[in-house]
Amino acid sequence: GPAALEWGREGGMQAVDLGALENLRGLKSFTLSGWMLRTEARDSQRVLTWLNPSKAGEGVDLAVRGDGRLQLGVNQPAETSPVSTSPGHFPVVDAKAKDAGAAALAAWRWFAVTCDSTASADQVKFYAGGWNEDVRLIGKAAFAGAAGSKIGPLTIGNAAAPFRSGRAFR
């Protein structure tokens, strides 16, 4: 298919687990980026995580919500964090489009989330752009603190141990 990581059309818990990476411990600043194509509007689809649920939630968690916004959790699940974009930035492919290829191309989004806990304001910034649109700032938020040091494994997709609820990442 047209994706770098594509797990099929069945849904469910599908991910790539890269283990606990030492360089992710206690980060004061980081950037997360990638391309996303959403094929369904389920709520809280995990994008990536290294959150450790057994250590008071230390680490980072990034999810896309059913309403098309990105939500970042630092030392907490993304769903409980107030740090997010406004809705509508990450659409779902129009399954009824006459030209499925054009519809998929129009729904691809590049994203970047930057977090700098040393900045005096707006420590988190969200950027997005499409295949035929410039990348732009789509949100910013205040955040205090750095990612914890007792992290979980870096998991891309939706199968990190604390999130086994059947939400699909495709």
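Not measured: the values here are computed from a predicted model. Positions are given from 1 along the sequence. For the numbers below, each heavy atom of this structure counts, side chains included, while hydrogens, waters and symmetry mates do not.
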Q: Would the distance check show the side chain of Thr31 and the main-chain N or O of Thr114 forming a donor-acceptor pair, the cut-off being under 3.5 Å?
A: no
Q: Can you find a pair of side-chain heavy atoms, one from Gln76 and one from Asp61, that are under 4.5 Å apart?
A: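 With C-beta onward as the side chain, the pair stays apart.
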Q: Could you go through the side-chain contact (heavy atoms from CB on, under 4.5 Å) check for Leu48 and Thr155 one step at a time?
A: CA-CA 5 Å; Leu48 66 82; Thr155 304; over 6 Å; no
Q: Report yes if some heavy atom in the side chain of Val47 is under 4.5 Å from a heavy atom in the side chain of Phe111; otherwise report no.
A: yes
Q: Using side-chain heavy atoms (C-beta onward) and a distance below 4.5 Å, is Trp108 in contact with Asn132?
A: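 No, side chains not in contact.
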Q: Any sub-3.5 Å donor-acceptor pair from Arg109's side-chain atoms to Ala106's backbone N or O?
A: yes
Q: Please enumerate all residues that pass salt bridge (Lys or Arg N to Asp or Glu O under 4.0 Å) together with Asp67, with sequence neighbours excluded.
A: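 Asp67 satisfies salt bridge (Lys or Arg N to Asp or Glu O under 4.0 Å) with Arg69 only.
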Q: Mind checking whether Val135 and Leu105 sit in one hydrophobic cluster, side chains of I, L, V, M, F, W, Y counted as touching below 4.5 Å?
A: no
Q: Just so I know, are the side chains of Phe90 and Leu70 near enough to count as touching, which here means a heavy-atom distance under 4.5 Å?
A: yes
Q: Does Arg136 form a side-chain contact (heavy atoms from CB on, under 4.5 Å) with Asp134? I'd like the steps, not just the answer.
A: CA-CA 6 Å; Arg136 64 184 175 86; Asp134 292 337; 5.9 Å; no
Q: Please determine whether residues Trp131 and Leu37 belong to a single hydrophobic cluster, defined as Ile, Leu, Val, Met, Phe, Trp and Tyr linked transitively by side-chain heavy-atom distances below 4.5 Å.
A: no
Q: Please check if the side chain of Ser117 supplies one atom and the backbone of Lys28 the other of a donor-acceptor pair under 3.5 Å.
A: yes
Q: For Val83 and Ala141, which heavy atoms make the closest approach, and how far apart are they?
A: CG1-CB, 3.9 Å
Q: Can you find a pair of side-chain heavy atoms, one from Arg38 and one from Pro91, that are under 4.5 Å apart?
A: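 They are not in side-chain contact.
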Q: Any side-chain to backbone donor/acceptor pair from Glu58 onto Ser149? Under 3.5 Å, distance only.
A: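 Between the backbone of Ser149 and the side chain of Glu58 there is a qualifying donor-acceptor contact (under 3.5 Å).
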Q: When the side chains of residues 118-128 are checked against the rest of the protein, which donor-acceptor pairs come out under 3.5 Å, sequence neighbours left out?
A:
from   : atom 1 : to     : atom 2 : distance (Å)
Thr118 : OG1    : Asp116 : OD1    : 2.5
Gln123 : OE1    : Phe143 : N      : 2.8
Gln123 : NE2    : Ala119 : O      : 3.1

Q: Is there side-chain contact between Arg46 and Val64, with heavy atoms separated by less than 4.5 Å?
A: no
Q: How about Glu79 and Arg65: do any of their side-chain heavy atoms sit closer than 4.5 Å?
A: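 Counting from C-beta outward, Glu79 and Arg65 do come under 4.5 Å.
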Q: CG/Asn23 to CG/Leu154 distance, rounded to the nearest 0.5 angstrom?
A: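 With rounding to 0.5 Å, CG (Asn23) is 11.0 Å from CG (Leu154).
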Q: Do side-chain atoms of Ser29 reach the backbone of Cys115 as a donor and acceptor pair under 3.5 angstrom?
A: no
Q: Do Gln71 and Leu62 have side chains that get closer than 4.5 Å, going by heavy atoms?
A: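 No; the side chains remain at least 4.5 Å from each other.
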Q: side-chain contact (heavy atoms from CB on, under 4.5 Å), that's the test. Do Val60 and Leu51 meet it? Break it down for me.
A: CA-CA 5 Å; Val60 172; Leu51 189 68; over 6 Å; no
Q: Roughly how far, to the nearest 0.5 Å, is CH2 of Trp35 from CH2 of Trp110?
A: 8.5 Å
Q: Nearest heavy-atom pair of Ala107 and Val92: which atoms, and what distance?
A: CB-C, 4.4 Å
Q: Can you name the closest pair of heavy atoms from Leu32 and Leu72 and give their distance?
A: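 Leu32 and Leu72 have their closest heavy atoms at CD1-CD1, 4.3 Å.
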